[in-house]
Amino acid sequence: MPAYRPQEIEKKWQAHWQQHHTFRADNNSDKPKYYVLDMFPYPSGAGLHVGHPLGYIASDIVSRYQRLQGRNVLHPMGFDSFGLPAEQYAIQTGQHPAVTTEKNIETYIRQLQQLGFSYDWEREVRTSDPSYYKWTQWIFLKLFNSWYNLDTDRAEPVSALIAKFAEGGSAGIRAAGDDEERHDFTAGQWQMMSEKQKLAALLPYRLAYQQDTFVNWCAALGTVLSNDEVKDGLSERGGYPVERRLMPQWNLRITAYADRLLQGLDTLDWPDAVKEMQRNWIGKSIGAEVSFPVQDHEGTVIKVYTTRVDTIYGATFLVLAPEHELVDTLTTPAQRGAVDEYIAATKRRSERDRMADVKTVSGVFTGAYAQNPVDGTPVPIWLADYVLAGYGTGAVMAVPSGDQRDYLFAKHFDLPIPAISDAQKDLDQQADPTKEGRYINSGIVNGLGYKEATATLIAYLEEKGLGKGKVNFRLRDAIFGRQRYWGEPIPIYYKDGTAYGVAEADLPLVLPEIDEYKPTETGEPPLGRAKDWKYKGQYEFELSTMPGWAGSSWYYLRYMDPHNADRFVGEDVEKYWGQVDLYMGGAEHATGHLLYSRFWYLFLKDLGLVTANEPFQKLINQGMILGRSNFVYRLKIEWDNDELKLKAPPIFVSKQIVDVLSKEDYKGKPEEETFKKQLILIQKRLANRFGLLGGVETCSIPYGQSDFATPLNANVSHVVDDILDEYLFRTDSHLGNLDEAEFIRYSDAYTCGWEIEKMSKSKYNVVNPDILTKKHGADALRLYEMFLGPLEQFKPWNTNGISGVATFLKKFWRLFHPEDGALAVTDEAASPAELKTLHRVIQKVAQDIEKFSFNTSVSTFMIAVNELTALGTRKRAVLEPLVVLLSPFAPHLAEELWHELGHAESISFAAYPEFREEYLVEANVTYPVAINGKVREQRQFAATATAAEIEAAVLESDFLTRFAEGKAPKKVVVVPGRMVNVVV
RNA sequence: GCGGAUGUGGCGAAAUUGGUAGACGCGCCAGAUUUAGGCUCUGGUUCCUUACGGUGUGUGGGUUCGAGUCCCUCCAUCCGCACCA
C-alpha cells in the first residue's frame, strides 16, 4: 500500500456506501431508534461554503456514534427548495425557478456527498416537489377545517362546531380568537342562513382564516413579509422599505396555542437563549382589563390593560394610542385642533422613526375625562404614541409614580405624581415600581401588601362589572399568504366570493406555469397570470402562495415515510420514530421556524395524527463560521449638504486582490478607470485560474506569516493612521470599526482593509470546501471544522491550521503502515501504557460526544497518536479499537483501515469499544507535595493508599526539615488524586 | 431599558468542575534529515529576567490551606427583544 491518499480512499468508500445502502434506516427494527436531524438548507446558487457543513459534521459524528452504540439511526437530508432567490432570479432571467432550483440541488448533493455524510439519501425530500407539497396543502386544509375549542383546550373539526351551532347557536361557545370578528346568532337563525352566510360566520372561527390585517407590505418585493422577515423597518432580504398596510390576508391562528407553546418549553432540552427568545416572543403577561367610564358620555367606557391593578389608585390619567377608535368621539371642540394636529404628526413619522426615537415625550390632551372605577376620581384622557394600538386594548392607565414612561409623561405635561406605597423612594427623580411595602392613598387597599391588594381589587372590580383578570400575549397570528410565485399554492377557491377548501382528493394543487414571474399589471400576484387555471374549470383559485416556513414546518415528519402516497406519514412509522432526538441548526431560526414547527406539531397532535408531545427534544445551535471580507477604499470627493466632503466607500474584493495590491512591486497611483479595469482583470484572471472566486489561500501573505499576527511595517501603519484621521469617514455600515481594521498597504489613494463578517458571495469572502477537500481530503476538513473551537461559538475561518489535522491523519495512517509500506500489525497483547492510552480515548471521546465538545475529542486523538507513535505500537489490540473510535470523525480513513484489518462489513456495524476503568488506574500515583500551597516536590504513593497513610508517609519523611524552615505542621490536607498540602 | 451570553499566550483554544493554568493545534525559535524545501522528525515557546527568581486567567474586593472555576463590585464586547402598560 502506498502513502496515505485521502482522495482515493474517500472516493472508494463513498461509492461503496452508496452501492451497499450502508446508511439506509429501517422503519422496523428491534434496535432502539435515534433520530438525528439537520436543518435542511435552501439550495442557493452559490453552493456550499465552509460554514454550512459545521453543523452537518457534528450531527454526522453523533449519528455514526449512535450507530456504533447499536441504535437504529434516522439521519436524513433534504431541501427547502421554495423561496425568494430562485424567484428573483427567474424575474431577471426568465428561467423557471424549478430549473435553477434543480441545478442548485444537484450541486448541493454533490458537495455534501463528497464530505462523506452518513445520510439515508433514499429519504431525501424537497418542499417544492408536488408529492411533498401535496401534504403541506393537506395540513393547511386541516387547519382551515378546524377551530380551537377553549373548553377542551384543543383543536376540533369545524364539523363539530357546525353541529353545536345547529343545536344551540353561537351562545356559550368559547373559541380561540377575536370574538369581535364574530356575530351572535341562535340555532334558529343558523338554520335560516344561506350557505354563503354560514361560511362567512364560520370563517372567523377557523385556524386558517382570511381577514383584513395590518401587514408588512414591501412594495419593492411586491409581497407581504412576516415580522421576523422585517428588520428595523426594512426587509431582511434586500433591505427595502416596508410599510404597514391593511390587506385581506390568510392567517394561521397560532395565538390559540400561545399558552401551550409556552408551557412546552419547560420540557425541552434546548439552549436557554432560544427558550428565552421564544418566551419573549410569546410574551405572556398576567394582568387585568379595567373599564374606566367616560364622563359626559353615558355608557362609554375605556378599557385599559394593566399588569399592576394594585397601583390603580395612582392612576392620574389615561393614555390612548392615537389610532384608538374612541379618539374622535371623546375629543372636545376646544381640543380638536391640537388633537388632529398630533394625529397627523404621528402618521407622518414612519414606523421606523417611531421605533428609533423612544426618548422624546409627546402627547396631547383630548379635553375629556374618565372616572377612576375604584373611587370615581376624574382622570384626564390623553393621547400619546408611546401607547401601541396593537397591544392590549390600545389604552393604558398611567401611574406616574410606578411606571417610568408614565412618570416622564407626567413630568413633561406637569401632571400630579402621587405616591401609592410607603416603600416608594426618590419620586422627585424617577418612578419606583416597587412591589414592596404597604399601600397608601389607596382607598380600600390601604395598608395591604402587593398580593392581597391585587386580589382585593380584582374581586372588587369583577363584582362591579368594571374589570376582570386577563392574560395577554404579545404573539400575533401568523400571516400565511405571500404574493409570490415560487411557493405552495394555497388550496382555496372562490365560489360567489366565498372561500372554499379544495377537496383532499384533488390535491396536490399544482403550481401552474406562467410566462413571467412578476405581479400582473393590475397588481395581482404572479399567479394571476396563469391561463385557464380554475378549479373544476370554473372557480377562481386563491392567488397567493404559502410563506417559506410552510414546507419547513413539518419536513422532519415526512423523512420518516417519504414515499407514502396515501398518508403524510404512516401511522406505525410515526409511532416508531416519534420525536427528533437531536436537532442541529442555526440560532437564527429561534422564533421563526422553531415556533411554527411546534405550532403545527401541537395542531397535528390535537387531530391525533402524531403521538409525541413536542417535535424536537434536544436542540443544538451550531455557531456560524465567519469569513474575512477584504476591501479597498476609493477616495471620492462629494457634495454633502452643501459641504465638500472626502469619502472612502469600501469596495469588496477577494483576498487575492488585496494580496496583489499590497505587493511591494504594485506601485503608482492609477487613475480611477484604470484601477477599476485592473480590479476586474484580476478578478477574472483569478476566476479562470481557480474556477471560483473566494478566499482560499493561494498567494503568499505579504507581511508577516499569518493573517492575524502582523509584523506590519511600522512606517506604513503610521502613515495609514494619520491618513485615517484625516480622510476616511464611516460611509458604509460594512466598515464597522475602522480602528480595528488592518491596513496592509497605503498607496496614495488606495488602501486595503478587512473585517470579519458573515460569509456572502457578494463580499468575496466565501471559502469553498471543494478546494480544501481536493487538497487535504474530506476527513481532514471534517476534523478541522470540529477542531476550530466550541461547536456553538461564532468563529472566523482561518485555513492555516488545517495542516495540523492533516498531519494527524498521516500519523494515524503510519501507525498501521510503517514507512508507508504494507499494513503491519501484530497480535501481541497490549502493554499497560498502551491500554491506558486507548482507554483514556474511549472514555474521553464518549464523554465529549455526549457534551458536543468535539474540539477536545480531536485533541484527544492527537495526543493518543503522539503517544502511540512514541511507543512504536503496532498491536491490533490497541489499533483496531482506535479505528472504531475515530470512525465517526474521519469515516473514510477508518473504513479503509477497518477493511485492511480484515473485516468484510462496514465499520458502521462494529461495536463501540468498551471502557475499562481499571486500565487508567496505575500502581503508583504521583502527587505534588506542597507547603502552604507551594509545590515543593513530586512524590509517589501506592494507588490504594488512604489519606491517613499518605499523611503519615509525608510527616515521617524529611520533607518538613527540608522545606518548612523548622516550623511545625498545623495540618495536612490530602486530596486523593490531586495534591498533598502541608500547612505550617 | 429588559433578557441571554462571553472575557485565559502572537492566534484557535484546554483545564478531570475548587487542586502544579495554558493540554492539543497554528505560528515562531533552534536542531536533525534532505540538492533544496512549502516534506518529515526532535527540542523550546505566558510575560519580565543572562540567571536565581518573580509575574500571570478583563477590574477591584471576599470566602478558602488552595480560586480561571464559588460570592459581591465595576469595566468591556457580542447577541436577542425593545415605548408590551
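Order of the sequence lines fixes the chain letters, A, B, ..., with proteins taken first and strands second; residue numbering starts at 1 for each chain.
Using N1 to N3 plus N6-O4 or O6-N4 for Watson-Crick, or N1-O2 and O6-N3 for G-U wobble, each under 3.5 Å, B/A30 pairs with B/U42. The partner of B/G1 is B/C81, by the rule that a Watson-Crick or G-U pair needs both atom distances under 3.5 Å. Base pairing annotation: B/U6 forms a Watson-Crick or G-U wobble pair with B/A76, both donor-acceptor distances under 3.5 Å. For B/G19, the paired base is B/C65 (Watson-Crick or G-U wobble, both distances below 3.5 Å). Base pairing of B/A51: no nucleotide in any strand meets the Watson-Crick or G-U wobble criterion (both distances under 3.5 Å). Across the strands present, B/G12 finds its partner in B/C24; the criterion is a Watson-Crick or G-U wobble pair with both atom distances under 3.5 angstrom. Taking a pair to require two hydrogen-bonding distances under 3.5 Å in either a Watson-Crick or a G-U wobble arrangement, B/U35 remains unpaired.
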Open item on the list: Using side chain to side chain donor-acceptor pair (under 3.5 Å), reason through A/N472 and A/S285 one step at a time and then give a plain yes or no.
Closed with: CA-CA 5 Å; A/N472 249 351; A/S285 73; 5.3 Å; no
- [ ] Using the ring pair (Phe, Tyr, Trp, His ring centres under 6.0 Å) rule, take A/W797 and A/Y784 through it: C-alpha gap first, then chi angles, then the decisive distance, then the call.
- [x] CA-CA 11 Å; A/W797 178 262; A/Y784 185 55; 5.5 Å; yes
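For the C1' atoms, the distance from B/C48 to B/G43 is 23 Å, rounded to whole Å. If you take atom C1' in B/G27 and the same atom in B/A76, they sit 27 Å apart, rounded to whole Å. Separating the C1' atom of B/U8 from that of B/G22 is a span of 8 Å, rounded to the nearest Å. Distance check on atom P: B/C79 versus B/C84 gives 23 Å, rounded to whole Å. The same atom, P, is picked in B/A13 and in B/U6; the two are 13 Å apart, to the nearest Å. Comparing the C1' positions of B/G62 and B/G18 gives a spacing of 15 Å, expressed to the nearest Å. B/A14 sits 15 Å from B/U46 when the C1' atoms are compared, rounded to a whole Å. Comparing B/C11 with B/U45, their C1' atoms sit 14 Å apart, to the nearest whole Å.
Between A/D269 and A/K275, none of the side-chain N atoms (NZ, or NE/NH1/NH2) sits under 4.0 Å from a carboxylate O, so this pair counts as no salt bridge. A salt bridge does not link A/E588 to A/K758: none of the charged side-chain nitrogens sits closer than 4.0 Å to a carboxylate oxygen.
Of all the residues in residues 269-279 of chain A, A/A273, A/E276, A/M277 reach under 4.0 Å from RNA chain B with at least one non-hydrogen atom.
Atom CD in A/E785 sits 10.5 Å away from atom CG in A/L791 (nearest 0.5 Å).
Looking at the side chain of A/W281, the nearest of the listed nucleotides B/A85, B/A14, B/C81 is B/C81. The side chain of A/D385 has B/C83 as its nearest neighbour among B/C83, B/A14, B/A82.
Atom CH2 in A/W813 sits about 18 Å away from atom C1' in B/U40, given to the nearest Å. Rounded to an integer number of Å, the gap from CD of A/E792 to C1' of B/A13 is 16 Å. Separating the CG atom of A/L595 from the C1' atom of B/G80 is a distance of 15 Å, rounded to the nearest angstrom. Rounded to whole Å, the distance from CD on A/Q847 to C1' on B/A15 is 14 Å. Distance, A/K303 NZ to B/A85 P: 19 Å, rounded to whole Å. Straight-line distance from the CG atom of A/D848 to the P atom of B/U17: 14 Å, rounded to whole Å. Between A/I625 atom CD1 and B/G12 atom P the separation is 15 Å, expressed in whole Å. Atom NZ of A/K411 is separated from atom P of B/C83 by 25 Å (rounded to the nearest Å).
Summary of the strand contacts: A/T869 and A/K795 both lie near RNA chain B, and taking for each the nucleotide with the nearest heavy atom, the more 5' one is attributed to A/K795.
Under the 30°/60° scheme for interplanar angles, the aromatic rings of A/F413 and A/W382 are found to be tilted.
Counting any heavy atom pair closer than 4.0 Å across all strands shown, A/N855 reaches sugar-phosphate atoms only and no base atom. Within 4.0 Å (heavy atoms only), A/Q793 reaches sugar-phosphate atoms of the nucleic acid but no base atom.
Remark: A/Y386 is not in phosphate contact with B/A85, judged by side-chain N or O atoms under 4.0 Å from OP1 or OP2. Under 4.0 angstrom from either OP1 or OP2 of B/U40 there lies at least one side-chain N or O belonging to A/K810.
In this entry the base of B/U64 is anti relative to its sugar, with a glycosidic angle more than 90° from 0. Taking the syn range as angles within 90° of 0, the glycosidic angle of B/G9 is syn.
Each of A/I254, A/D259, A/L261 was checked for a side chain to side chain contact (heavy atoms under 4.5 Å, CB included) with A/F473, and the lone residue meeting it is A/D259. Each of A/F812, A/F816, A/W813 was compared with A/Y4 under the side chain to side chain contact (heavy atoms under 4.5 Å, CB included) criterion, and only A/W813 meets it.
For an aromatic pair to be called close, the ring centres must be under 6.0 Å apart, and A/F915 with A/Y919 fails this.
For the pair A/K435 and A/Y450, the cation-pi test (distance below 6.0 Å, angle within 45°) is passed.
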Where do N or O atoms of nucleotides 24-26 of chain B meet protein N or O atoms at under 3.5 Å, pair by pair?
{"unit_1": "B/G25", "atom_1": "OP1", "unit_2": "A/N866", "atom_2": "ND2", "d": "3.3"}

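Between A/F317 and A/A410, the shortest heavy-atom contact is CE2-CB, 4.1 Å.
Using modelled atom types and a 3.5 Å distance limit, the side chains of A/Y342 and A/S362 yield a donor-acceptor pair.
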